[in-house]
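Structure first, then comments.
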Number of protein chains: 2
Amino acid sequence: MTSSSAHQLRERGLQVTAQRLAVLRAVAGRPHCTAEEVTEAVRGEIGVISRQAVYDSLNLLVQKGLLRRIQPAGSSALYEDRVNDNHHHVICRRCGQTADIDCAVGAAPCLNASSDSGFRIDEAEVIYWGVCPGCLGQP
Amino acid sequence: MTSSSAHQLRERGLQVTAQRLAVLRAVAGRPHCTAEEVTEAVRGEIGVISRQAVYDSLNLLVQKGLLRRIQPAGSSALYEDRVNDNHHHVICRRCGQTADIDCAVGAAPCLNASSDSGFRIDEAEVIYWGVCPGCLGQP
DNA sequence: AGCCAATTCTTGACACAGTCAATAATCGGA
DNA sequence: TCCGATTATTGACTGTGTCAAGAATTGGCT
């Protein structure tokens, strides 16, 4: 687990540091977590880490394809480690809870825009908004 | 034009003020503009307006369905006045330019998530990411 | 027209997420 | 083990947006 993370880092030309491993583990352990939650988790695990190191690691890991970032309207950025499958997200309008939703049809159903205005499109990001089961119960 | 905006405001139980009309006109005249751009536009039109009044107006108008807000990752919120048609957006990864994209198939093609995790979904927000024609020319 | 209560605007302080820049510590290859 | 390059820490800072109190405006009413 840890060693494979280390391997993934090295493979991409990155140094292996305690901070980066802990960030990876924190995100793996709690999907859709914020930078602050990562910070707290990492602090609980390796003692101290600076805010900057968390942001640096997260940005780097997103850039290198080890993590994925989602930035829903009205909340701070969330991170997850499901990077190789095509899935989207549902967010509860009331409590903000975020869940994964697998793509409905095939691999990238929404990538076919009718008129693309000349853009070269490489990604379709879909966020579903609604109300989660928990909040549905208490109106 | 102006009188119909005034009518729309009254219809929703809102008072008609110079600030709100100017905000509406600013957004109508420049699609996908930020709060700051609205502020500048309004200042050019009616002299002065406080930042707070701009935010209040925008939030209220979004809430009342006269404007639509989009909040792409990595940029501040954008506002537009196309509220009655179902369309999405393409954003250029390089320059941030935003354009409208009409829905590919029917009215709401992406609203059918396969497993909705028990959420009651009411909206599917789609953002396409890519590179705009202008930026494609200069790699 | 003029008045009054409710709504709206202004002003200024504030909160939060994220970034910048300089210095210190760590990693990993020789 | 040592050294250069990469990474972490620290602290200041920016931008976007919100909160709260008082002043101004709106629009219904007489």
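As the structure is a computational prediction, the values presented were derived from the model and not from experiment. So you know, we letter chains A, B, ... as the sequences are listed, proteins then strands, and number each from 1.
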Nearest 0.5 Å, what's the OG-CD distance between S57(B) and Q52(B)?
->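 Here the rounded value is 9.5 Å.
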Quick one: pull up CG in L60(A) and CG in L9(A) and give me the separation to the nearest 0.5 Å.
->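 Going from the CG atom of L60(A) to the CG atom of L9(A) covers 8.5 Å.
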Whole angstrom is fine here: how far is it from [atom1] in [X] over to [atom2] in [N]?
X	N	atom1	atom2	result
Q19(A)	dT6(D)	CD	C1'	12 Å
Q52(B)	dC14(C)	CD	P	15 Å
L60(A)	dT6(D)	CG	P	12 Å
I49(B)	dT25(D)	CD1	C1'	13 Å
L14(B)	dG28(D)	CG	P	13 Å
L9(A)	dT26(C)	CG	P	18 Å
R10(A)	dC27(C)	CZ	P	11 Å
R20(B)	dC9(C)	CZ	C1'	9 Å

Closest nucleotide of DNA chain D for Q71(B) versus for Q15(B): which of these residues is on the 5' side?
->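 On the 5' side of the pair lies Q71(B).
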Could you walk me through whether L78(A) and R69(A) pass the side chain to side chain contact (heavy atoms under 4.5 Å, CB included) check?
-> CA-CA 6 Å; L78(A) 305 177; R69(A) 173 197 283 128; over 6 Å; no
Side-chain heavy-atom pair R10(B), V16(B) within 4.5 angstrom cut-off =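 They are in contact (side-chain heavy atoms under 4.5 Å apart), so the answer is yes.
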Do the side chains of V23(B) and L58(B) get nearer than 4.5 Å, heavy atoms only?
->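 Of all side-chain heavy-atom pairs linking V23(B) with L58(B), at least one is under 4.5 Å.
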Candidate nucleotides dG17(D), dG27(D), dT8(C), ranked by approach to the side chain of V16(B) - the nearest =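 Nearest nucleotide to the side chain: dG27(D).
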So which nucleotide from dT10(C), dA8(D), dA17(C) ends up closest to the side chain of R51(A)?
->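 Out of dT10(C), dA8(D), dA17(C), the nucleotide with an atom closest to R51(A)'s side chain is dA17(C).
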Ignoring backbone atoms, test whether [X] places a side-chain nitrogen or oxygen under 4.0 Å from the OP1 or OP2 oxygen of [N].
X	N	answer
S57(B)	dT8(C)	no
T34(B)	dT16(D)	no
N59(A)	dT19(C)	yes

Give one of base, sugar-phosphate or nothing for A18(B), where a contact means two heavy atoms less than 4.0 Å apart.
->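 Answer is nothing: A18(B) stays at 4.0 Å or more from every strand.
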